[in-house]
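I have placed the structure first, in the form of structure tokens, so that the comments after it can refer back to it.
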Amino acid sequence: MASNRDVIAMLYELAQLTTLEEGSQQSFKVRAYETALHAIEGTSGEIGGWTQKELEAIKGIGPSIAKKIREYVDTGTIDKLEELRAKYPPEFLELTRIPGLGPKTLATIRDRLGVETVEDLKAAIAGQRLRELPGLGATSEEKIAKAIDRLGLHGKDRRTPLIDALPIAEALVEALKRVEGVTAAVPCGSLRRFSDTVGDIDIVVATADAPVLMQTVVALPVVAEMLMAGHTKTSFLTRNGLQVDVRAIRPDQLGAASLYFTGSKAHNIVLRQLAIDRGYLLNEYGLLDGEHVVAATTEESIYAALELTFIPPELRENTGEIEAAAGGGLPDMVEIGHIKGDLHYHTDLSGDGRASLEEMVEAAHRRGYRYVAITDHGEDLAINGADRTQMLVHQHRIGRLAEKYPEMALLFGCELNIGPDGGLDYDPEFRLKFDWCVASIHSHFDLPAARQTERLLKAMADPSVNAIGHLSGRMIGRRPGAEFDVDAVLEGAAVSGVALEINGALDRLDATADVIRRATARGDVHLVISTDSHHPSEGVRMEYGVRQARRGWASKKQVVNTWPAARFLKWASHRRPEGVSGLA
Ligand code: DGT
Ligand code: CA
Ligand code: CA
Ligand code: ZN
């Protein structure tokens, strides 16, 4: 039976293809699919077994989509989806990843120039043919050519953003775990290390019955093209061109196999050398002393036999983690269980928020948080922002709601927009009414690095600012983000006491691992892991943010939202003139 994840993936694909069909992401149909998939994310229970009537009873799902879900569960696909897939084949979908090419422009270049693939588009640019079309010019040709280069959209360089790969991997792992004989399925490779982008998905499956597993994989609906079908390894392409390698291994070799296939290659090479130094051999079957198996079943046992403390997958890049683990010197890494609050959190007061204040706060409560900051957009963000009056009404509502949650501190906050010159919303006095402010860049991403640096430093200098949100503003695989002088910004953060956010949205994961690592190496920069949630279903981003933090070697003590409420609240008000904030 189709799982909820399968249905969500199907609706996501429908939304994407319908965007092309309708020429706009704002079209009523696209939004209906998106609303439905968010509704399912928030539904408990396996909806595959539900009737049409039961599906319609879910808020956000109408009769037409309920019918499509039934059709999908019953037949494995949907006529409408197949029709759209035929019209927009994978080679054409590649084009949608290019920034600056909206669905309308794509339709125009397809109709007028016959562009069906990235190669066609490159040829059209080379022939200066885009500039003949309405709304496009020589500058657009240049911009698009650059974007294609940057995305590495062609050939073997093609990498898939984690946000696109992770749901596919998770759905697959879930499906494989249900196969008879399977005792474990582990996503490995760069995906498990939580790289921003992945070359392919590697899944290791422990099973007592490899032939049954391999037969099942070949028949999975996600398989678009088989590359290789062996006795213990299968490789295939999904419809969006992503390669998946599935390997069957023996349950007693799970640790060795997941260690080997998680990599990185550089990490494994050093581990193998450590094994050789001890007279052992390390491979995907185990840590071996001649015929004798020293360790194989768990990764922990293998690290222990090599006299290393366990190294979390996010650190396995051979950038000092093995030396640190040998000396027992890995920092006390932040873990999801340490997190006590979320400090970047939207409600429907933000134009892009999708749930009420009450629903969002209840979701934070369900996660057991001790504090949460409501940070709707300030007035400078066109369409999305709230003006002073709206903010004051909001403050009142937050205060009233706080009475219902005596064990959780509710902070009246704001996501301030950092203007091109470092200016912020409202005025200095009004900004100090907030208990907590995140300040973030939402535009002007291609200013020169020196100006971006000044811009960030100016925002940090404002006493209302507690944290800088999604530092670079990048969108992985789509937008490179602002360039700035990292050392100067880290120094600014250390001196001002402004925290750097680690934004857990999978398409952001911002600050980058490199910047976090440099911050943690200094030791005097505070970090805050946030979800930037616009809906309760996005609370899961805290797990992703924690994994991103670990890629940058963030220890528990550097992350302010691991601190107990009293300590955190005191710190949150430390930059404000005395008596201004109601906190602590
Ligand atoms: P990717 O897919 O490019 O994002 O990066 P990875 O790290 O997932 O690389 P991949 O898929 O080629 O291989 C998965 C893991 O398997 C890799 O991290 C380490 C291990 N592995 C694969 N081939 C070799 C090899 O020839 N030597 C060693 N030592 N390890 C290998
Ligand atoms: Ca891989
Ligand atoms: Ca691979
Ligand atoms: Zn936000």
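Order of appearance sets the numbers: ligands from 1, and atoms from 1 within every ligand.
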query = Taking side chain as C-beta onward, heavy atoms only, is Lys340 less than 4.5 Å from Thr562?
reply = no
ask   = Does the side chain of Ile201 reach to within under 4.5 Å of the side chain of Leu242, using non-hydrogen atoms?
value =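 Yes; the side chains approach each other to less than 4.5 Å.
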request  = Run through Arg517, Arg551, His267 and flag the one making a side-chain hydrogen bond (donor to acceptor under 3.5 Å, both in side chains) with Glu317.
outcome  = Arg551
message = Using a distance threshold of 2.8 Å, state whether an N, O or S atom of His346 lies below it from the Zn ion (ligand 4).
response = yes
query = When you measure from the side chain of Arg575 to the backbone N and O of Ser496, does any donor-acceptor pair fall under 3.5 Å?
reply =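 The answer is yes, because a donor-acceptor pair under 3.5 Å joins these two groups.
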key: Angular separation of His344 NE2 and Glu415 OE1 about the Zn ion (ligand 4), given to 10°   =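 About 90° at the Zn ion (ligand 4).
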key: Asp532 atom (N/O/S) at minimal separation from the Zn ion (ligand 4)   = OD1
ask   = Can you list the protein N, O or S atoms less than 3.0 Å from the Ca ion (ligand 3)?
value = Asp200 OD1, Asp200 OD2, Asp202 OD1, Asp245 OD2
query = Does a donor on one side chain sit under 3.5 Å from an acceptor on the other, for Glu501 and His470?
reply =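 Absent: no donor and acceptor within the cut-off.
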message = Check this for me, if you would: do Glu321 and Arg193 make a salt bridge, where the nitrogen-to-carboxylate-oxygen distance has to be below 4.0 angstrom?
response = no
ask   = Does the salt bridge (Lys or Arg N to Asp or Glu O under 4.0 Å) test come out yes or no for Asp507 and Arg478, once each step is laid out?
value = CA-CA 9 Å; Asp507 48 358; Arg478 292 182 176 272; over 6 Å; no
